[in-house]
Structure formats: C-alpha cells, structure tokens
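Letters A, B, ... are given to chains in the order of the sequence lines, protein chains preceding strands, and every chain is numbered from 1.
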Amino acid sequence: DAGVIQSPRHEVTEMGQEVTLRCKPISGHDYLFWYRQTMMRGLELLIYFNNNVPIDDSGMPEDRFSAKMPNASFSTLKIQPSEPRDSAVYFCASMPGWTDTQYFGPGTRLTVL
Amino acid sequence: KQEVTQIPAALSVPEGENLVLNCSFTDSAIYNLQWFRQDPGKGLTSLLLIQSSQREQTSGRLNASLDKSSGRSTLYIAASQPGDSATYLCAIIQGTYKYIFGTGTRLKVLA
C-alpha cells in the first residue's frame, strides 16, 4: 500500500482565496483525521470521520473551514476565504477500526500571503 | 483543559548514549498515551501506544512508561544512534480518538 496520500504537498495562495486540501486514506481504514501543525500551537486535531461520517469537528477553528468525506477513499479540507494565520502544515491520518494506531500522510504545507 | 508539556524542547547527545524524554499532562483522566516520531518534512510515525491500564511498553531500543497518578510519561531510548534524530511527540488520547499532542522534543544524535 502507498500509505496515506495528500495533495498538494505545497500550496501558496493569496489571502481571500479558496484552498482545498486532499487526502486519500489507506484502503480499508475506517477512520480519517485532519490535523494542523504550527510552531505556536503545535499539532491540533481539527476533525475526524468514521465510515465517512464526521464524528467530532470541535477542533475546526472557524466556519471558514469545512471538511467532507464523500467516500471511503477520499476526503477534502477546504478553507474559504483563506487568511495568513491559516498558514500551517495540514496532516491527514487514517486508522483501521481494530487498532488505535494512526498512519499519517506527509502533510500539505500551506502558505497564505 | 488538558495540557501536555514535553521537556526538554531540544536535546543533543553523542551517539551511544541512553536518554530519557519526558511528557507531562495535567488531567489524569486519559484513555491512552502514544509516542510518535516526526522526521523533517514528513508526517508522524507511531512508536509506542500505552493503554491507561498499562505501566509501560517496549519496542526494541525504546521503552515508554506511564504514571497516570503523577501525570507523567517517559520515553527511554537505549544506545542512541544518528538515525534516531527526529522530533518526538507524545499524545494524550481522551475520549474516543481525541488526541492532544505535546510540544515535542527535537533530538539530535551526533555521530
């Protein structure tokens, strides 16, 4: 298996633009997590899904952030409109239902100018 | 509110040395505790998972301990190698998959 795949790996955009981050989890994994990592706040859980259903979105910072999982093999995290303070590395992770071990993707480095 | 702190923030040691990384948390009502490794520009790799009923877990040269009553966990790395250089993160798991990560320890092992 190729592991968790995230795209793009790097994104540079201007303030006010819409940004869409993509994640393909490991096949067969029931859970999918979105995290954000910054120097100031460290690694924070934004939202997670179980069997494509959002379970806990209490970490989503604002209404500008939204996440979807239309099927078991794809998820998106959208920021609209983006702001400079959204600049961070965004990680996606997936986890099978029979273990507590999460498998992380390589991350998307987002820079909002 | 659960707060997770890791000390030291950075550590540089010569190859072969045994070392201990510390993780402290403020709320002992945890489900599990997990240690991760993060290499520059990459995601996290799970190292060890300790369930709340356990005191320690071992994998190769790594040993992690958990003391819920004192709000502490330690990661012991034996005979460190340059390949161990990375950032090490501990995470408290509260409730169902609610991960709260520590601030991390940047480790550099000198050849």
**Asked** chain A heavy atoms under 4.5 Å from B:L44: which part of the residue, side chain, backbone, both or neither?
**Response**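 It is both, since atoms from each part get that close.
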Around atom [atom1] of [X], are there more than 12 heavy atoms of other residues, nucleotides or ligands at under 6.0 Å?
X: A:K68; atom1: NZ; value: no
X: B:R37; atom1: CZ; value: yes
X: A:N71; atom1: CG; value: yes
X: A:R41; atom1: CZ; value: no
X: B:Q54; atom1: CD; value: yes
X: A:R109; atom1: CZ; value: no

**Prompt:** Considering only heavy atoms from C-beta outward, does the side chain of B:Y99 approach that of A:Y48 to under 4.5 Å?
**Reply:** no
**Asked** Are A:F104 and B:F36 an aromatic pair by the rule of ring centers under 6.0 Å?
**Response**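 Here the rings of B:F36 and A:F104 have centres that are less than 6.0 Å from each other.
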**Item:** Euclidean distance, B:L47 CG relative to A:T101 OG1, rounded to 0.5 Å
**Value:**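 Here the interatomic distance stands at 10.5 Å.
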**Prompt:** Side chain, backbone, both or neither: which part of A:Y103 has a heavy atom under 4.5 Å from chain B?
**Reply:**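 No part of A:Y103 comes within 4.5 Å of chain B.
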**Asked** Would A:Q37 and B:Q38 satisfy side chain to side chain contact (heavy atoms under 4.5 Å, CB included), going step by step from the backbone distance to the final call?
**Response** CA-CA 12 Å; A:Q37 187 174 39; B:Q38 184 175 24; 3.0 Å; yes
**Asked** Among A:E44, A:Q6, A:M95, which residue forms the greatest number of heavy-atom pairs with chain B at distances under 4.5 Å?
**Response**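 Winner by heavy-atom pair count: A:M95.
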**Prompt:** If you look at every heavy atom in B:G41 and A:R9, which pair is closest and at what distance?
**Reply:**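 Minimum heavy-atom separation between B:G41 and A:R9: O-NH2, 3.4 Å.
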